[in-house]
Amino acid sequence: DAEESAFLQDFAFDYGAGLKAMDQEILEIIGQAFLDQWPEDLAKIHAGLRESKAEPVLHTAHALKATLALFGADPASQLAARMESMARDGELDLIAPLLAPFIAEVGWLRGELQRRLAM
């Protein structure tokens, strides 16, 4: 519910602070590209899991881990790193439970990114 979501957000990572700390020129260069690419990246992960193919999950999680780290998005980057490691080890079944929290973390980052890019 909305109250629980607001409560959780109070304890959530401050993605805005992470974005403020990074080079703003780089933010402008890669920010919109990341926003545009996200639906495709997510689709690649879902397809890889659905088809039990580790390779697309591994490569996509690896790229996302690096990009998210650039944004100072530590929780999202750490989840991407865990998914990358699991894909490398062929443990695709362990990735599914991480997807919802990962998508939520990236969602918070995307909201902050959209606000900053609109400034």
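Both backbone and side-chain heavy atoms feed into the values below; hydrogens, waters and symmetry mates do not.
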Mind jotting down which residue pairs meet the salt bridge (charged side-chain N to carboxylate O under 4.0 Å, His left out) criterion with at least one end in residues 94-103? Sequence neighbours excluded, please.
none
side-chain hydrogen bond (donor to acceptor under 3.5 Å, both in side chains) partners of residues 41-52, not counting sequence neighbours, each pair once:
Gln37-Asp41
Residues in side-chain hydrogen bond (donor to acceptor under 3.5 Å, both in side chains) with Asp36, at least two apart?
Gln32
Using residues 70-84 as the side-chain source, report each donor-acceptor pair under 3.5 Å to any protein atom, sequence neighbours left out, with the distance given to one decimal.
{"unit_1": "Ser77", "atom_1": "OG", "unit_2": "Lys65", "atom_2": "O", "d": "2.9"}
{"unit_1": "Glu84", "atom_1": "OE1", "unit_2": "Lys65", "atom_2": "NZ", "d": "2.7"}
{"unit_1": "Glu84", "atom_1": "OE2", "unit_2": "His62", "atom_2": "ND1", "d": "2.6"}
{"unit_1": "Glu84", "atom_1": "OE2", "unit_2": "Arg88", "atom_2": "NH2", "d": "3.2"}

Value for CG (Leu98) from CD (Glu105), rounded to nearest 0.5 Å, stands at 11.5 Å
Is there a path of hydrophobic side-chain contacts, each under 4.5 Å between heavy atoms of I/L/V/M/F/W/Y residues, joining Ile95 to Phe102?
yes
So, taking the atom named CG in Leu109 and the one named CH2 in Trp38, what distance separates them when rounded to the nearest 0.5 Å?
9.5 Å
Shortest non-hydrogen contact from Ile45 toward Val57:
O-CG2, 3.7 Å
Just verifying a value: how many Å separate Leu42 CG and Thr60 OG1, rounded to the nearest 0.5 Å?
10.0 Å
For residues Leu64 and Leu92: do they belong to one hydrophobic cluster (side chain heavy atoms under 4.5 Å, members Ile, Leu, Val, Met, Phe, Trp, Tyr)?
yes
Test side-chain contact (heavy atoms from CB on, under 4.5 Å) on Arg110 and Phe34 and set out the steps.
CA-CA 9 Å; Arg110 289 176 70 223; Phe34 169 76; 4.0 Å; yes
Donor-acceptor contacts, no H, no angles, side chain residues 21-31, under 3.5 Å, sequence neighbours left out:
{"unit_1": "Asp23", "atom_1": "OD1", "unit_2": "Glu25", "atom_2": "N", "d": "2.8"}
{"unit_1": "Asp23", "atom_1": "OD1", "unit_2": "Ile26", "atom_2": "N", "d": "3.2"}
{"unit_1": "Gln24", "atom_1": "OE1", "unit_2": "Arg116", "atom_2": "NH2", "d": "3.3"}
{"unit_1": "Gln24", "atom_1": "NE2", "unit_2": "Leu19", "atom_2": "O", "d": "2.9"}
{"unit_1": "Gln24", "atom_1": "NE2", "unit_2": "Lys20", "atom_2": "O", "d": "3.4"}
{"unit_1": "Gln24", "atom_1": "NE2", "unit_2": "Met22", "atom_2": "O", "d": "2.7"}

Counterpart residues, side chain to side chain contact (heavy atoms under 4.5 Å, CB included), relative to Leu94 (two or more places apart)
Met86, Glu91
Could you measure the distance from the CG atom of Leu49 to the CG atom of Leu99? Nearest 0.5 Å is fine.
5.5 Å
